[in-house]
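By convention in this document, chain letters (A, B, ...) are assigned in the order of the sequence lines, proteins followed by strands, and residues within each chain are numbered from 1. None of these values were measured; they are calculated from a predicted model.
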Protein chains: 2
Amino acid sequence: MDKQEIYDDLKKRILTLQLEPGAALDEASLSQAYSISRTPLREILRALAGEGYVEIVSNRGAHVAPMSHKVLRDFFQTAPMLYSAIGRLAAHNARPAQIDEMRAVQARFRQAIEGGSSEDMVYWNQRFHALMGEMADNPYLRPSYDRLLIDHARISQTFYRPRDKDMQQRTLDALAQHDYMIAAIEAGDGQRMVDLIVEHWELSRDLLEYFVKPDPLAFELPAVNS
Amino acid sequence: MDKQEIYDDLKKRILTLQLEPGAALDEASLSQAYSISRTPLREILRALAGEGYVEIVSNRGAHVAPMSHKVLRDFFQTAPMLYSAIGRLAAHNARPAQIDEMRAVQARFRQAIEGGSSEDMVYWNQRFHALMGEMADNPYLRPSYDRLLIDHARISQTFYRPRDKDMQQRTLDALAQHDYMIAAIEAGDGQRMVDLIVEHWELSRDLLEYFVKPDPLAFELPAVNS
DNA sequence: CGTATACAAATTGTATACATTATTTTCTAC
DNA sequence: GTAGAAAATAATGTATACAATTTGTATACG
């Protein structure tokens, strides 16, 4: 494995929760596992920290970025705005080669759904949306957007129930929405894209909010939307 | 200078254009200048790359993040949305200690204006807005917001004319708006904050757009809001 | 029995030497 | 004299050794 592959491998393991949120990333073990010295491994960890996959505290090493309760609140608060903005820009700025690549990724996503591998599903879905971020071609929005995608992948993985019929149907709906998105991007239709993104988000959000109880005390307290 | 100080020093030099966009950052020279070895210096450069201050290309070293024409277009397209979102959140989430710190920073900004040092002005204005980003306390929005602030500082510095009477007046207006913002944050008034941010942005934008021609072709094309 | 302190182990941080990749210069062929 | 290739130079990338910091453990003391 060269440096780039190690980098991608760690990303994938974090996205698929093979490396759990908060898990310690020991430099010595990792460098031994990947057969490189600590120096380049440290640089990889620092690059991952810059993208939000990892948190580093001075003299206390690197840990997989945690998923606290606050993270979930902020996630639901922030995602719709950024997803819409990225979607609109993607429709305006996507290049033909990128659209081809998106079709290829979508095909892989479809395969993963048919194959029933939830890990692959989460990964190729993530690749689909990451590619949309590339299409948007806005260097200011991307770092935030990509961070949202990291946690979106991890949250989905956490709550996914492959045996649940309802959830299977929702997954197929999401797959179909992806196809419509590709069409909207190809047509350069920004408004259509925003509508699709909102729809897509609501599907995802309803699924997640079913499992996420933002406040465990809600049962004992009056139900107030703060 | 310890590692953190070197890190901060490089940030400051990039923000104030002492290190120009695109300038090469040679590892050997820098490590010698700061009296540390190349290993920790490389880590600093990689951390700066993660925040958008620096761009690193494999085997070709680090350069100060460039300021292309496209960057300017994207900047004007993206800033209003993120600035408003951050402003609203800051009003909702600011903690008393942060408000105190903001007052201190604002005092320094006022001093810089009175002292006439454009470098200090840009720096303390940047600190003011960066602090607002901290107050907002949203880990997803911050990386994008901070990147916008980097280029905002650099663009301002590029076009600032300290002798221009009109520009001096606008600077004083901006200073006053900062005071109103502190009041809005203290009152927890998110909507008031958004209004102030929009006003503040328009002041800044008008100033910059006077110098920046985002699209030389616009003159020949019909004026369309795409 | 709980707490504090001193020592030991483990982990991260830094410096230096060496390897690899880019770039520049120089030489040769045409 | 120019173009191309080869060598020299200079840069970045990696490995290893050592230093500093943190964490864990044992023991002494209240």
Side-chain angles (χ1 to χ4, degrees), chain A residues 1-14 17-68 139 143 147 150, chain B residues 1-14 17-68 139 143 147 150:
Chain A
M1 270 198 198
D2 70 7
K3 207 171 169 182
Q4 184 62 46
E5 287 170 334
I6 296 170
Y7 186 70
D8 291 339
D9 187 63
L10 281 170
K11 276 191 187 179
K12 191 167 183 173
R13 284 177 192 276
I14 291 171
L17 297 177
Q18 283 173 44
L19 288 169
E20 290 180 19
L25 297 169
D26 178 64
E27 295 178 2
S29 332
L30 281 176
S31 64
Q32 199 172 354
Y34 286 119
S35 302
I36 52 170
S37 75
R38 277 179 53 223
T39 311
L41 185 88
R42 279 169 65 88
E43 295 192 347
I44 290 171
L45 290 177
R46 266 144 192 82
L48 289 172
E51 291 186 53
Y53 287 85
V54 159
E55 282 189 4
I56 293 176
V57 180
S58 188
N59 287 315
R60 277 189 219 173
H63 294 253
V64 177
M67 295 271 297
S68 63
R147 274 170 162 78
I150 294 171
Chain B
M1 270 197 196
D2 71 6
K3 207 171 168 182
Q4 184 63 45
E5 287 170 334
I6 296 170
Y7 186 70
D8 292 337
D9 187 62
L10 282 171
K11 275 191 186 179
K12 190 167 182 174
R13 284 176 193 276
I14 290 170
L17 297 178
Q18 284 171 45
L19 288 169
E20 292 180 17
L25 296 169
D26 179 65
E27 295 178 1
S29 331
L30 281 175
S31 65
Q32 199 172 355
Y34 286 118
S35 302
I36 53 170
S37 74
R38 277 179 53 222
T39 311
L41 185 88
R42 280 169 64 88
E43 294 193 347
I44 291 171
L45 289 178
R46 267 145 191 81
L48 289 172
E51 291 185 52
Y53 287 86
V54 160
E55 283 189 3
I56 293 176
V57 179
S58 188
N59 288 315
R60 277 188 218 172
H63 293 254
V64 177
M67 294 273 296
S68 64
R147 273 170 163 79
I150 293 171

> Would you call B/L25 and B/L48 a side-chain contact if the rule is heavy atoms closer than 4.5 Å?
no
> Please find the earliest and latest nucleotides of DNA chain D, in the 5' to 3' direction, that have an atom within less than 4.0 Å of any heavy atom of chain B.
D/dA11 to D/dT14
> Just wondering, do A/K3 and A/I36 contact through their side chains at under 4.5 Å, heavy atoms?
no
> Nearest whole Å is fine: how far is C/dG13 P from B/K3 NZ?
6 Å
> Between A/S35 and B/L25, who's closer to the 5' end of DNA chain D by nearest nucleotide?
B/L25
> Between the protein and nucleotides 17-24 of chain C, list the N/O to N/O atom pairs that are separated by less than 3.5 angstrom.
none

> Determine which pairs satisfy salt bridge (Lys or Arg N to Asp or Glu O under 4.0 Å) with at least one residue from residues 21-33 of chain B, sequence neighbours left out, and list them in order.
B/E27-B/R38, B/E27-B/R42
> Is there a side-chain contact between A/Y34 and A/I44, using heavy atoms and a 4.5 Å cut-off?
no
> Run the side-chain hydrogen bond (donor to acceptor under 3.5 Å, both in side chains) test against B/N59 and tell me which residues pass, sequence neighbours left out.
none
> Do the side chains of B/L30 and B/I6 get nearer than 4.5 Å, heavy atoms only?
no
> Go through the structure and list residues passing side-chain hydrogen bond (donor to acceptor under 3.5 Å, both in side chains) with B/Q32, not counting sequence neighbours.
none
> Rounding to an integer number of Å, can you tell me how far A/Q32 CD sits from C/dA10 P?
14 Å
> Between A/L30 (CG) and C/dT11 (P), how many Å, whole number?
12 Å
> Which residues pass the side-chain hydrogen bond (donor to acceptor under 3.5 Å, both in side chains) test with B/K12, not counting sequence neighbours?
none
